[in-house]
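Have a look at the structure below before the remarks.
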Amino acid sequence: MLFLFPPTHVDKVQSPRPQNHSRGPWHPSREQFLPPSPLSSVPPPPSFPPPPQPGVPARLPALLARREEDMEAQELPCVLIDCIGGKHGVYEDHAEFLKERFCLITMKEYLENKNFLGKKIRAIYMWYHKPVINEELLQSLPNLKIVASSGVGIDHLDLSLLSSYGVKVSNTPFIVSTDTADLGMALMLASSRRLVEGHQMAISPDTEYFPADWLGAEVSGATLGIIGMGTIGYKVAERAKAFEMKILYHNRKQRNKEEERAVGATYCKKIDDLLQQADFVMLVVNLTPQTHKLIGKRELQLMKPTAILINISRGLVVDQDALVEALQNKVIKAAALDVTYPEPLPRDHPLLKLKNVIITPHIGSATVKTRHLMKENMTESIQAGLAGLPIPNEVLL
Amino acid sequence: MTQSLIFVQRKAIRAVGDDESSGCSVSLNTLTFVSTCSRPIMKGEELPGLLVNEIGGMHGILHDHVEFLKKHFCLITMKEFLENKKNMSKKVQAVYLWWHKPVIDKDLLQSLPNLKVIANSGVGMDHLDLKLVASFGVKMANAPCAVSSSTADTGMALLLASARRLVEGYHVAVSPGMEYCEADFLGVEVTGATLGIIGMGSIGYKIALRAKAFEMKILYHNRTRRKEQEEQAVGALYCEKIDDLLCQADFVMVVVSLTPQTHKLIGKREMELMKPTATLINISRGAVVDQEALVIALRSGVIRAAALDVTYPEPLPRDHPLLKLKNVIITPHLGIKTDKATRMITEEAVENILAALAGLPMPSEVHPS
């Protein structure tokens, strides 16, 4: 078996299946455009299967059929990714899936052989907002047809620029909704019941007893104000209803009566009405020029002093400096943030030191299952885009 | 100074998910008290004496509740009682336990000849010798209605926090030295997962109501099966054998009372029946789980993680292995620790005490089984 891609060093990545580099697609014509691997003499990893019998590839029948087809038909389309493994890379087990359908080219490989590979790349698989797409990259990828971006947010993409190069864009909107709604609920409960502080007290070497007057705030029966009642916001409302919460919402447009009735939500045309009444304010909007710093000093001052702010949208929706001030001066009670600007915050940022703040590292859609679904959705979008078919989850300007 | 002895009646309001078996039929948002003055106190008559452990401090009555209590009772702390036993002992007609204090033993019962009722804050009664108390002709009451929503919320908070690795994530996000690893920090899904509830009383049922909104598949194991309508309302499937529940659940939530039957209910055998990807959540009592077996199970990957609001003892000794495991969240018995719940508990206790002193049926009397 040939090693087409040098084994990439991988940090701890959750991968239930053993690495199997032999499953990469192979095609005789591919050899001409890949530089000779300096690691071709490196012994295979322990999980490497025994060498196949001559003429009989060691793989499942379906893949065997596909491989033979590939050899006769066109080569697999080339897709640019940032890297495999590491902090922002495509997961090892995802890479295996992708390699069965695409010829994956990492940024490193591309940069080492720009002239040749640039023309081959027809799609970009953008995982965790990498690789970064700028005009320079677009100019050197003349055959680029589509960029598939993981997650639902597309504020990191310059849609006009991409459109001007005739490149289509897709995201993964609906599959992230339940995980993100779940995290919103998790943050609301954790913050109101002081879960993180409580855990620290429970395990601290200095703790001798649990004081009786150490209390949190009740979620059941409280008032939740949802700012942004899209798919995710609505799922938050469905969950909050089961906690007998009173639900207010503010949105660009009002939802229909049945939808409101189903979750017991009351529309607040003016955001101020929501801010003044809510015990919990949850931000579930897209980041757009209109929602940039939507929650600033004025909005924070309208909130109750016992209120908690939860942000699962984008860091820039909140004026962070105003938030720090509001938390320090007890203008509001607490905050729970899955998103900040930047991510991560600088290590000396005041938000990291406040006791009444919970921050999580943007884990809104971070579950094993959802990430698999994302990968499948993105693959579908790329395949449709390259075949000239309607693109599932296309993002239009 | 005349003060009225106020009889408090609760207006029963039906709400979704009412637990008829415990007699609680109140929705949090619509709980109302109707007070009627029944028997005016004669001038010079004292308010009944209520013995409490202390006011404020480690395990004392909350300062915010004192004013309300003093409207109905003459508060006597254990310190005052012990300093002046001769005079105080006959005055005490009721005891209000806060966090299981004062400790009720034979000596104390013998020195309180006019004691009629002991009201417990919270629902668990495992710290009381119910038979002993009953043998002195003293009634007992707990506070089931006030605790259920708040404890159910705690259960859901722990389930979500553990599944999504919230505490670990927090440490990644704020720690100066830790590397901010984004891409491979993954948790497990809650929506659509299977929740197994062991103990489907009023708290367990409220958990089922909440879990249903997360589209969870709900299995439950209980001494007795619930009615069909109750099962249907939350989409819960009864598992007569606890093993069936343990084999299928992604999250196992323990919501039982501590009794001799439930002591170490979840041990090595039960944990080995659980999925290796499963999470154990305990909001009942520490002694329901075999803690040593739990440590081994967590270390060796027999189960994925645990979230414990209760341990034995509380707090755990500072060198206990559970405190060091990454896949464990421990909280300091948060169950009912909210302003609202604690206030409701005290109101519920006062209701029970006043009913007992007037010889009327108590809303939540507890009998020795």
Side-chain angles (χ1 to χ4, degrees), chain A residues 11-14 86-89 91 127-128 178-179 181-183 185-187 189-190 193-196 198-199 201-203 205 207-221 238-239 241-244 246 343-345 347 352 358-363 366-371, chain B residues 27-29 56-60 62-63 98-99 149-150 152-154 156-158 160-161 163-167 169-170 172-174 176 179-192 209-210 212-215 314-316 318 323 329-334 337-342:
Chain A
D11 293 333
K12 183 175 80 72
V13 170
Q14 291 186 4
K87 283 204 185 121
H88 301 283
Y91 310 144
W127 192 251
Y128 270 97
T178 54
D179 277 355
D182 288 354
L183 188 75
M185 294 299 295
L187 286 171
L189 285 160
R193 301 302 294 272
R194 301 170 68 188
L195 196 142
V196 174
H199 173 77
M201 187 199 303
I203 66 168
T207 295
E208 289 171 16
Y209 65 91
F210 298 150
D213 57 355
W214 192 95
L215 302 176
E218 193 116 337
V219 167
S220 280
E238 284 173 339
R239 284 146 179 72
K241 179 171 187 276
F243 288 76
E244 298 172 79
K246 180 180 172 190
E343 282 169 17
L345 287 169
R347 297 294 86 189
L352 303 186
I358 295 177
I359 303 182
T360 45
H362 202 147
I363 48 175
T367 64
V368 175
K369 207 167 173 181
T370 296
R371 292 291 154 83
Chain B
S27 159
L28 278 173
N29 289 335
M58 215 158 95
H59 297 114
L62 299 178
H63 284 286
W98 191 258
W99 286 105
S149 291
S150 168
D153 289 357
T154 303
M156 291 304 293
L158 285 172
L160 285 160
R164 302 302 295 271
R165 298 171 65 193
L166 198 142
V167 176
Y170 169 79
V172 166
V174 307
E179 286 202 0
Y180 198 93
C181 50
E182 285 185 57
D184 60 351
F185 188 97
L186 299 179
V188 298
E189 258 191 5
V190 168
T191 292
L209 282 168
R210 283 147 178 71
K212 179 171 186 276
F214 288 79
E215 300 168 70
E314 281 169 24
L316 286 169
R318 297 295 86 189
L323 303 187
I329 296 176
I330 304 182
T331 45
H333 205 141
L334 297 180
K337 282 185 171 160
T338 67
D339 293 311
K340 195 175 186 178
T342 50

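Residue numbers begin at 1 in each chain, while the letters A, B, ... track the order of the sequences. Values below: all heavy atoms of this structure, side chains included; hydrogens, waters and symmetry mates excluded.
Put simply, CG on B:L166 and CG on A:L183 are 6.5 Å apart, with the number rounded to the nearest 0.5 Å. Remark: B:K340 NZ to A:S220 OG distance equals 7.5 Å, nearest 0.5 Å. Once rounded to the nearest 0.5 Å, the distance linking OG1 of B:T154 with CZ of A:R193 reads 3.5 Å. A distance of 12.0 Å separates OG1 of B:T338 from CZ of A:R194, quoted to the nearest 0.5 Å. With rounding to the nearest 0.5 Å, the separation of CG in B:L334 from CH2 in A:W214 is 5.5 Å. Between atom OH of residue B:Y170 and atom NE2 of residue A:H199 there is a gap of 11.0 Å, rounded to the nearest 0.5 Å.
Using modelled atom types and a 3.5 Å distance limit, the side chains of A:T370 and B:E189 yield a donor-acceptor pair.
Residues A:D179 and B:R164 approach most closely at O-NH1, 2.8 Å, considering heavy atoms. Residue A:A366 comes nearest to B:F185 through the heavy atom pair CB-O, 3.3 Å, listed as atom of the first residue, atom of the second, then distance. Of all the heavy atoms in B:A173 and A:L352, the pair that sits closest is O-CD2, 3.7 Å. Minimum interatomic distance between A:A242 and B:A213 (heavy atoms only, all atoms of both residues): CB-CB, 3.4 Å. Residue B:S149 comes nearest to A:E244 through the heavy atom pair OG-OE2, 3.9 Å, listed as atom of the first residue, atom of the second, then distance. For B:R318 against A:I203, the heavy-atom pair with the smallest separation is NH1-C, 3.4 Å.
At a 4.5 Å heavy-atom cutoff, the contact between B:V188 and chain A is made by backbone atoms alone.
Per-residue heavy-atom pair counts under 4.5 Å with chain A were compared for B:M156, B:H333, B:K212, and the maximum is reached by B:M156. Of the listed residues (B:V167, B:L158, B:D339), the greatest number of heavy-atom pairs within a distance under 4.5 Å of chain A belongs to B:D339. For the set B:A161, B:G169, B:A152, B:P332, the count of heavy-atom pairs under 4.5 angstrom toward chain A peaks at B:P332. The candidate with the highest count of non-hydrogen atom pairs below 4.5 Å against chain B, out of A:D213, A:I358, A:L195, A:L187, is A:L195. Ranking A:L189, A:T178, A:T367 against chain B, the residue ahead of the rest is A:T367, based on heavy-atom pairs under 4.5 Å.
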Determine, step by step, whether B:T191 and A:R239 satisfy the side-chain contact (heavy atoms from CB on, under 4.5 Å) criterion, reporting the C-alpha distance in whole Å, the side-chain angles of both residues, the deciding distance to 0.1 Å, and the verdict. CA-CA 10 Å; B:T191 292; A:R239 284 146 179 72; 2.8 Å; yes
The test is side-chain contact (heavy atoms from CB on, under 4.5 Å); show your working for A:T360 and B:R165 and say whether it passes. CA-CA 9 Å; A:T360 45; B:R165 298 171 65 193; over 6 Å; no
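At least one side-chain heavy atom of B:L186 sits under 4.5 Å from a side-chain heavy atom of A:R371.
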